Structures are given as C-alpha cells and as structure tokens.
Participant: 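There's a structure below that I have some questions on.
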Amino acid sequence: MLNESIRFLDDRLYVDNVELGALGDQFGTPLYVYSLRRIAANYRAIAAAFAPLGAEIHFSAKSNGNLAVLETLVKEGAGIDAVSAGEAYRALRAGCAPAKIVFAGVGKTFAELQWAVEHGLGWFNVENELELEYLNRIASQTGTRIRAALRLNPDVTANTHPYIATGHGAAKFGLTADVVDAVLARRSSYPHVDITGLHLHIGSQLGDTQATGKAVDTAVAIAKQHDGITTLNVGGGLPLAYDPHSQLPSPHEFMDVLAQRAAGFQLLLEPGRSISGDAGVLLTTVLYVKHQGGQRIVIADGSMTELLRPALYGAKHAIVPVAARGESISPAQIVGPVCESSDVLGRDVPLPALAPGDLLAVLDAGAYGMVMASNYNARVRPAEIVIETDGSTVRVARRRETWDDLLLCEV
Ligand code: LLP
C-alpha cells in the first residue's frame, strides 16, 4: 500500500525524496528499494503502541535481514528475533547486543545452540525437550547460565493463510500445553537453564485479535501454575494491509488484548512484516507484452525468484507503474521469465497500456521478499538499495549478484 514514504508526487512514484524511475535507470532491474525512514517510523509506531505495557520489541529478521535494515532498527533500540544462527550472526554484524537477540526455531542444531550460547544470546525459545537437554549440557560445559522460554503450541487456529498459521495442534511448532506443563514441573532436571518465559506465535498476518487472546489466555493459565515464569513472548503476526480496503486490527487492538490478559508479565514482541513490509518495493522492467488466451500478458524481468509470495501463497501485491498515466486502465497478468506456470507476480492487475522498457513497482515487498529470493533458473539475486533516514541519500546496501557469484561455492 502507498504510504508517507512510498507515494506519488506529480504522477511519479517516489521513495522518500528519491524518484524510483531514476533508480531503475541507474541500478537496473529487478531491484529492491527500501525506505529506512519508513522502517524506523513503523518501528516507532509499534513501540509507541505497546509502550504502555513496557513491551520489548525484537524485529523478526526473517522478514528482512539486510544489514542496513537491521542496523537502522538496532539504532532505534530494537532487539532482533533470529530463527537460525545465520540470522543471529547477521544481527551481531549489524551491531545488535547479544543480550537483545532472541533465538527461536523449531530445528536448531546442536552446533547452532553451542555457537549461540558461546555468543551470549539473550533468550532461547525452546521447541523440543531434547533441545533443553542440549542447552543444559552446553551450559554446564561452558559454565554459563541460559535464559529460556518454552514455545507453547496453544492449539488455536489463526485467521490467516494456512501456510503461515503456526499455532494449531497439528502444526510442527512449539510444545503442546500438557508437555509445557510437564517440562515446567520438572525444571530442576535442567539446572543450568533458567526457564523463565513462555513463547508463542500463532501465525503471521493475523486477521483478528481473538485467536491471540485465546492463545495468551492458555499461556497465562500455564504460567500462573509455575513459579518464576515472568516473561511472555507473544511472537509476531501484526498484519500489513496489502489491500487498502482490508479491515485489519491495529497494533492498539492487539495491545488491548494483551493488556487485559497479561498484566504483570514482562512482554516481548517479534513483529517482522509490520515493520519492513510497506517500506520496500520491487522494481521491475517490462520486457514483452502479448495477448493470449483472452489476456494481456506482461512479461517483466522480475519473477518468483525475487518475490516468491504470489507463487507460494497466492499473495496479492499491488503493482503500479512508476510514472502514472491518465490512459485507460485494463487488467493485465504480470509474469516473470522463470520456467514455471506459477511464476506470476500479479493477476488481473489494473494497469494502463504498457510497452517494453516501462518500469513497474511491486508494493509491500519489504517483508519476505529478498529473504526468500532464490537462484532458480540460474538467475542472479537482485541488488538492494536503501534510501537513508535523511530521505535523500541513496546507498547500495547489497550489490546485484553476478554469474561468477553463482559459481562461487562449486569446487
Ligand atoms: N516470530 C515467530 C516465531 C515467527 O515464526 C514469525 C514468522 C514472526 C515472529 C514474524 O511474523 P510477522 O510479524 O512477520 O508476521 N513467508 C511468509 C511469512 C512466514 C512467517 C513465519 N514466521 C509470508 O511471506 O507471508
């Protein structure tokens, strides 16, 4: 969705004070462009909404792990939610204090856990009993204490896409309530681990607050039965309006749900998409236009290898020309060059007449865009450009890959 940073001025699309068309010409396409000002503003808005609860915010780096993005948020005071040692490594490289990194993930390896303990990461969100044993062993060997939260699978179904719902009983995530209860009852078996929190994340792009309320109730009920559970990490999931007409709960509404239920607990939050999503666009150039099967098919140089969400989830991203025109609008299918029928960036997109060389911007591509990019079809991953928080300075935060990069790891 267009916003204060990504908007039309005199019929041209801008990211802050920088015209997107000029960036496409200068750096080539496909190209990711992020507004660091918007990233910071989104973080501040969420931090302010949850400030009455004293909540600590950890940005979910899985949504956008670019160092420039992480550095911006770390400077703003955010911690980082890392879902692999690789993400935690990125967070450290971005200057995040180890204590402000939460380490989550359903399948952390022993080596990752060892590395994370050695580097003093602040929280371990544990999803397996064996993982607790590993942590206890590593802590005793290294003479450290570890702070852990058990990830509860609260068995609630979130109102979201099935691929990104994580809190229902059949999901692989977390531990069911009976197991959490049992593990807490025998906490003394893990003397080197301080289990002082419960973690939950019921899904991404949450459509209402009800499921969150239910999940938090379950967590609070368990926490209250065991001494010393002082922290509730309620995960991420604050939704982003990809469609301007969608009715989605605001951060304040989620805050109200937590305020009523989780009073007295230290709260942690792990928003990703709501901070990074609308701060990024994917720029792509029209290569060819053809009319086939009753459709206008626009073949662009951007594809599912840059932005997988439409192909994987049927996600809808607004697509707009970087130079708005008054011409008549008709539906177009925007597709990429990849050899897959699912390589469609947008179906039935209302667009004016388009010709080869025209630039299009896929909006809301700042979350789960570049992080999910691949080299399929031996396509190089695109560059990432950031507009600094001053609104005007343009910086290449990551260069475009080259064909030689594609061969780099082959020995
Ligand atoms: N915390 C945990 C434990 C998570 O699993 C996730 C997302 C988050 C926080 C951040 O959620 P957010 O605030 O961004 O909704 N690739 C999918 C989204 C997968 C989300 C996975 N977990 C997509 O493009 O929609």
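Whatever order the structure lists ligands and atoms in, that order sets their numbers, starting from 1. Predicted model, so just to flag it, every value in this text is computed and none were measured. Counting from 1, the numbers follow the sequence of the chain as shown.
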Participant: Compute the minimum heavy-atom distance from Ala104 to ligand 1 and say whether it is under 4.0 Å.
Facilitator: no
Participant: Can you tell me if Glu71 and Asn66 form a side-chain donor-acceptor pair at under 3.5 Å?
Facilitator: no
Participant: Taking N or O atoms only and a 3.5 Å limit, does His199 qualify as a polar contact for ligand 1?
Facilitator: no
Participant: Less than 4.5 Å apart, any side-chain heavy atom of Leu269 and any of Leu258?
Facilitator: yes
Participant: In the protein, what heavy atom is nearest to atom 5 (O) of ligand 1, and what distance, to one decimal place, separates them?
Facilitator: His201 CD2, 3.3 Å
Participant: When the ring centroid of Tyr242 is compared with that of His317, is the distance short of 6.0 Å?
Facilitator: yes
Participant: Counting non-hydrogen protein atoms only, what is the nearest one to atom 19 (C) of ligand 1? Give residue, atom name and distance.
Facilitator: Ile164 CG2, 3.7 Å
Participant: Which of the atoms in ligand 1, numbered in the order shown and given with their element, are less than 4.0 Å from a heavy-atom of Met372?
Facilitator: 16 (N)
Participant: Quick one, Arg379 with Thr305, criterion side chain to side chain donor-acceptor pair (under 3.5 Å). Give me CA distance, side-chain angles, the key distance, then yes/no.
Facilitator: CA-CA 7 Å; Arg379 288 170 59 81; Thr305 63; 2.8 Å; yes
Participant: For atom 20 (C) of ligand 1, what's the nearest protein heavy-atom neighbour? Residue, atom name and distance, please.
Facilitator: Tyr368 OH, 3.6 Å
Participant: Starting from atom 24 (O) of ligand 1, find the nearest protein heavy-atom neighbour and note its residue, name and distance.
Facilitator: Arg309 NE, 2.6 Å
Participant: Closer than 3.5 angstrom, by distance alone: can the side chain of Asn128 be matched with the main-chain N or O of Leu130 as a donor-acceptor pair?
Facilitator: no
Participant: Which is closest to atom 16 (N) of ligand 1 by heavy-atom distance: Tyr163, Tyr313, Tyr242?
Facilitator: Tyr313
Participant: I need the nearest protein heavy-atom contact for atom 6 (C) of ligand 1: residue, atom name and distance, please.
Facilitator: Lys62 NZ, 3.1 Å
Participant: Taking N or O atoms only and a 3.5 Å limit, does Ser60 qualify as a polar contact for ligand 1?
Facilitator: no
Participant: May I ask you to check whether Ser63 has an N/O atom sitting below 3.5 Å from an N/O atom of ligand 1?
Facilitator: no
Participant: Could you identify the single nearest non-hydrogen protein atom to atom 15 (O) of ligand 1 and state the distance to 0.1 Å?
Facilitator: Ser204 OG, 2.3 Å
Participant: State if Pro271 counts as touching ligand 1 under the rule of any non-hydrogen atom under 4.0 Å.
Facilitator: yes
Participant: Treating Ser374 as the side-chain partner and Tyr376 as the backbone partner, does any N or O pair qualify as donor plus acceptor under 3.5 Å?
Facilitator: yes
Participant: Do you see a donor-acceptor pair shorter than 3.5 Å between the side chains of Asn3 and Ser5?
Facilitator: no
Participant: Heavy-atom contacts with Asp81 under 4.0 Å: which atoms of ligand 1 show up? List them by number with element.
Facilitator: 1 (N), 9 (C)
Participant: Between the side chains of Asp278 and Arg38, is the shortest nitrogen-to-carboxylate-oxygen separation below 4.0 Å, so that they form an ion pair?
Facilitator: yes
Participant: Can you check whether Val298 reaches Leu351 side chain to side chain, under 4.5 Å on heavy atoms?
Facilitator: no
Participant: Looking only at N/O atoms, are Gly272 and ligand 1 under 3.5 Å apart anywhere?
Facilitator: yes
Participant: If I apply the N/O under 3.5 Å rule, does Gly237 come out as touching ligand 1?
Facilitator: yes
Participant: I want to confirm something. Looking only at heavy atoms, which of His58, Glu270, Glu127, Arg151 is nearest to atom 1 (N) of ligand 1?
Facilitator: Glu270
Participant: May I ask you to test the Ile57-Phe59 pair for a side-chain heavy-atom distance under 4.5 Å?
Facilitator: no
Participant: Any salt bridge linking Glu131 with Arg151? Criterion: basic side-chain nitrogen under 4.0 Å from a carboxylate oxygen.
Facilitator: no
